[in-house]
Novice: 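Supplied in structure tokens, the structure appears directly below.
Quantities reported herein were computed from a predicted structural model and do not represent experimental measurements. Computation of the quantities below employed the complete heavy-atom set of this structure, encompassing side-chain atoms and omitting hydrogens, waters and symmetry-equivalent molecules.
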Amino acid sequence: MMVSKQLVLTYIYLLVYIVLSSGVILYNKWVLSPKYFNFPLPITLTMIHMGFSGLVAFLLIRVFKVVSPVKMTFEIYATCVIPISAFFASSLWFGNTAYLFISVAFIQMLKALMPVATFVMAVICGTDKLRCDLFLNMLLVSVGVVVSSYGEIHFNIVGTVYQVTGIFAEALRLVLTQVLLQKKGLTLNPITSLYYIAPCSFVFLFVPWYLLEKPEMEVSQIQFNFWIFFSNALCALALNFSIFLVIGRTGAVTIRVAGVLKDWILIALSTLIFPESTITTLNITGYAIALCGVVMYNYLKIKDVRAVQLPVDSVSDRIAKELKMEKKSSDLYVPDDIVKNSGGKGSRNGSPDSIVDEEAPFIPSSRVSHLGRSPLSSYSP
């Protein structure tokens with residue numbers, strides 16, 4: 001039985017996504033950690049990523065004209081791009097700062113709170129309704145994270161607060177993206193997202209950088225290796241485009257399974273690369289409990305989408321559509337250009353549950369917390 005060339009290509013894309021996503025997170029940890037490269041300036045690192053991404057996007061749009069810019073009015077920029085960029089910059093700032101205090105493995109476990117934060121923000125903003133079944137799943141996820149935190153040997157309250165704050169900032173950004181951008185009918189592909197959001201985020205990060213890190217850079221012996229930072233930013237940028245390719249070829253279920261696999265691999269690798277990242281039985285137990293809640297949460301969300309998309313048809317019609325559902329029913333926001341290139345019919349329901357890899361903030365992707373995001377850890381960190 002011959003394996004389809006397209007299927008092989010899809011799995012290659014998934015493998016590249018897993019490698020890049022895990023690699024960027026581990027790379028950021030290595031760069032920021034005082035025990036390794038010793039560049040304990042997370043805002044500076046994030047600004048390097050934003051500056052590099054914005055520059056590449058500018059060259060692709062304005063110089064090489066690979067894609068055309070969208071029709072961006074001052075009103076849309078001021079009311080949509082600026083607030084979204086502000087919360088995006090905040091989520092990256094807090095998330096990257098957490099690397100200085102807690103392990104990669106524990107950070108991945110805390111990220112299981114992402115659907116909880118997104119659900120809470122969506123209810124507060126009125127884009128989702130408080131439902132008993134979803135609330136119970138969120139409660140299960142929260143209990144799992146608490147158990148995992150209790151079992152953390154090197155628990156650090158400062159790092160935990162930074163990470164959780166970054167998660168809620170990212171959740172609010174996701175909800176704002178739905179309310180402000182998607183409801184205005186503005187479609188941004190990965191390149192145009194970088195073009196508009198990265199420079200604005202860079203400006204927002206400049207203020208905390210000037211107040212918090214610039215004085216430290218003036219008095220400390222901080223090493224700066226061009227090739228280290230260039231390769232780090234390049235990996236983050238490549239991750240964005242790898243996810244763009246993946247979501248154009250697979251459905252929500254496949255992406256989410258890949259996200260779960262990626263996070264388990266990342267937890268295992270972090271314990272090997274960084275010996276201080278000790279994992280206890282209570283850590284794993286708590287994370288497993290949280291993951292069960294996340295899986296059930298995403299099952300319910302996919303079920304909701306299918307219920308909306310399936311009209312009242314005959315049983316045979318429903319069965320036929322179910323066979324194609326992985327590709328056609330997704331709570332991911334798929335840009336129009338992906339739909340056109342793939343020849344399929346995308347779903348654009350505007351759900352704030354769109355998944356975004358923490359290391360690839362500009363494009364819907366999958367992470368454990370959103371098994372089944374958002375974002376934008378670094379496109380990067």
Novice: Restricting to pairs with a member in residues 222-235, which pass side-chain hydrogen bond (donor to acceptor under 3.5 Å, both in side chains), not counting sequence neighbours?
Specialist: Tyr27-Ser231, Asn28-Asn232, His49-Asn232

Novice: Heavy-atom distance under 4.5 Å between the side chains of Cys200 and Phe88, does that happen here?
Specialist: no

Novice: Ring centres under 6.0 Å, that's the criterion: do Phe119 and Tyr297 meet it?
Specialist: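 Not close enough - the centres of the two rings lie 6.0 Å or further apart.
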
Novice: Could you tell me if the side chain of Leu110 sits less than 4.5 Å from the side chain of Ser149, heavy atoms only?
Specialist: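 Ser149 vs Leu110: side chains touch.
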
Novice: Same hydrophobic cluster for Phe135 and Val145, using side-chain heavy-atom links shorter than 4.5 Å among ILVMFWY?
Specialist: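 Linked within one cluster.
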
Novice: Not counting sequence neighbours, list each pair that qualifies as a side-chain hydrogen bond (donor to acceptor under 3.5 Å, both in side chains) and has a residue in residues 152-164.
Specialist: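 Applying side-chain hydrogen bond (donor to acceptor under 3.5 Å, both in side chains) to every pair that reaches into residues 152-164, excluding sequence neighbours, yields nothing.
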
Novice: With a 4.5 Å cut-off on side-chain heavy atoms, are Leu113 and Ser142 touching?
Specialist: yes

Novice: Looking at CG of Asn283 and OH of Tyr150, how far apart are the two atoms once the value is rounded to the nearest 0.5 Å?
Specialist: 12.5 Å

Novice: What is the minimum heavy-atom distance between Cys125 and Leu172, and which atoms define it?
Specialist: SG-CD1, 4.2 Å

Novice: Do Cys292 and Val295 pass the side chain to side chain contact (heavy atoms under 4.5 Å, CB included) test, and can you show the C-alpha distance, the side-chain angles, and the key distance before you say yes or no?
Specialist: CA-CA 5 Å; Cys292 288; Val295 171; 5.8 Å; no

Novice: So, does Ser22 use its side chain to make a donor-acceptor pair with the main chain of Ile18 at under 3.5 Å?
Specialist: yes

Novice: Once rounded to the nearest 0.5 Å, what's the spacing between atom CG of Leu32 and atom CG of Leu45?
Specialist: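 These two atoms lie 5.0 Å from each other.
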
Novice: How long is the straight-line distance from CG of Leu136 back to CZ of Arg131, given to the nearest 0.5 Å?
Specialist: 11.0 Å

Novice: For residues Phe274 and Tyr36, establish whether the separation of their ring centroids is below 6.0 Å.
Specialist: yes

Novice: Do the side chains of Leu261 and Val16 join up, straight or via other hydrophobic residues, at under 4.5 Å, putting them in one cluster?
Specialist: yes

Novice: Contact between Phe204 and Ser90 at the side-chain level, heavy atoms closer than 4.5 Å - yes or no?
Specialist: no

Novice: Using the ring of each side chain (for Trp, its six-membered ring), is Tyr195 parallel, tilted or perpendicular to Phe58, with breaks at 30° and 60°?
Specialist: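 Correct class here is parallel.
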
Novice: Hey, could you give me each pair passing salt bridge (charged side-chain N to carboxylate O under 4.0 Å, His left out) that has a residue in residues 218-227? Not counting sequence neighbours.
Specialist: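 Counting only pairs at least two positions apart or across chains, the salt bridge (charged side-chain N to carboxylate O under 4.0 Å, His left out) contacts touching residues 218-227 are Lys214-Glu218.
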
Novice: Check whether any side-chain N or O of Ser33 sits under 3.5 Å from a backbone N or O of Trp30 as a donor-acceptor pair, and report yes or no.
Specialist: no

Novice: Verify the cluster assignment for Ile12 and Leu15: are they in a single hydrophobic cluster under the rule of side-chain heavy atoms below 4.5 Å apart?
Specialist: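 Per the 4.5 Å side-chain linkage, Ile12 and Leu15 are not co-clustered.
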
Novice: Specify the closest pair of heavy atoms between Pro40 and Glu216, including all atoms of both residues, with the distance to one decimal.
Specialist: CG-OE2, 4.3 Å

Novice: Out of curiosity, Tyr287 OH to Leu291 CG, how far, rounded to the nearest 0.5 Å?
Specialist: 5.5 Å

Novice: What's the verdict on side chain to side chain contact (heavy atoms under 4.5 Å, CB included) for Ile48 and Phe224, showing C-alpha distance, side-chain angles and the deciding distance?
Specialist: CA-CA 12 Å; Ile48 291 173; Phe224 188 92; 4.0 Å; yes

Novice: I'd like to know whether Met50 forms a side chain to side chain contact (heavy atoms under 4.5 Å, CB included) with Leu205, so could you lay out the CA-CA distance, the side-chain angles of the two residues, the decisive distance to 0.1 Å, and finally the verdict.
Specialist: CA-CA 9 Å; Met50 291 294 93; Leu205 289 167; 4.2 Å; yes

Novice: So does Gly151 get a backbone contact from the side chain of Thr280, meaning a donor-acceptor N/O pair under 3.5 Å?
Specialist: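 Looks like yes, one N/O pair under 3.5 Å.
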
Novice: Is there a side-chain contact between Met72 and Val81 in this structure, where contact means two heavy atoms from C-beta onward sitting under 4.5 Å apart?
Specialist: yes

Novice: In Å and rounded to the nearest 0.5 Å, what is the CD to OG1 distance from Gln178 to Thr118?
Specialist: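 Gln178 atom CD to Thr118 atom OG1 measures 11.0 Å (nearest 0.5 Å).
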
Novice: Between Lys303 and Asp133, does any NZ, NE, NH1 or NH2 come within less than 4.0 Å of an OD or OE carboxylate oxygen?
Specialist: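 Looking at Lys303 together with Asp133, the answer is no, because their closest N to O distance does not fall below 4.0 Å.
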
Novice: How long is the span from the CD atom in Gln108 to the CG atom in Asp263, to the nearest 0.5 Å?
Specialist: 4.5 Å

Novice: So among Ile157, Val158, Val164, which one has a side-chain contact (heavy atoms from CB on, under 4.5 Å) with Val161?
Specialist: Ile157

Novice: Would you say Leu92 and Ser201 make side-chain contact, with heavy atoms under 4.5 Å?
Specialist: no

Novice: Check the hydrophobic clustering (I, L, V, M, F, W, Y; side-chain heavy atoms under 4.5 Å; chains of links allowed) and say if Val66 and Leu234 are grouped together.
Specialist: yes

Novice: Shared ILVMFWY cluster between Val19 and Leu14, side chains joined below 4.5 angstrom?
Specialist: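 Cluster IDs for Val19 and Leu14 differ.
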
Novice: Would a 4.5 Å heavy-atom cut-off, applied to side chains only, mark Phe241 and Ile191 as touching?
Specialist: yes

Novice: Does the side chain to side chain contact (heavy atoms under 4.5 Å, CB included) test come out yes or no for Thr46 and Trp93, once each step is laid out?
Specialist: CA-CA 7 Å; Thr46 307; Trp93 170 18; 5.8 Å; no

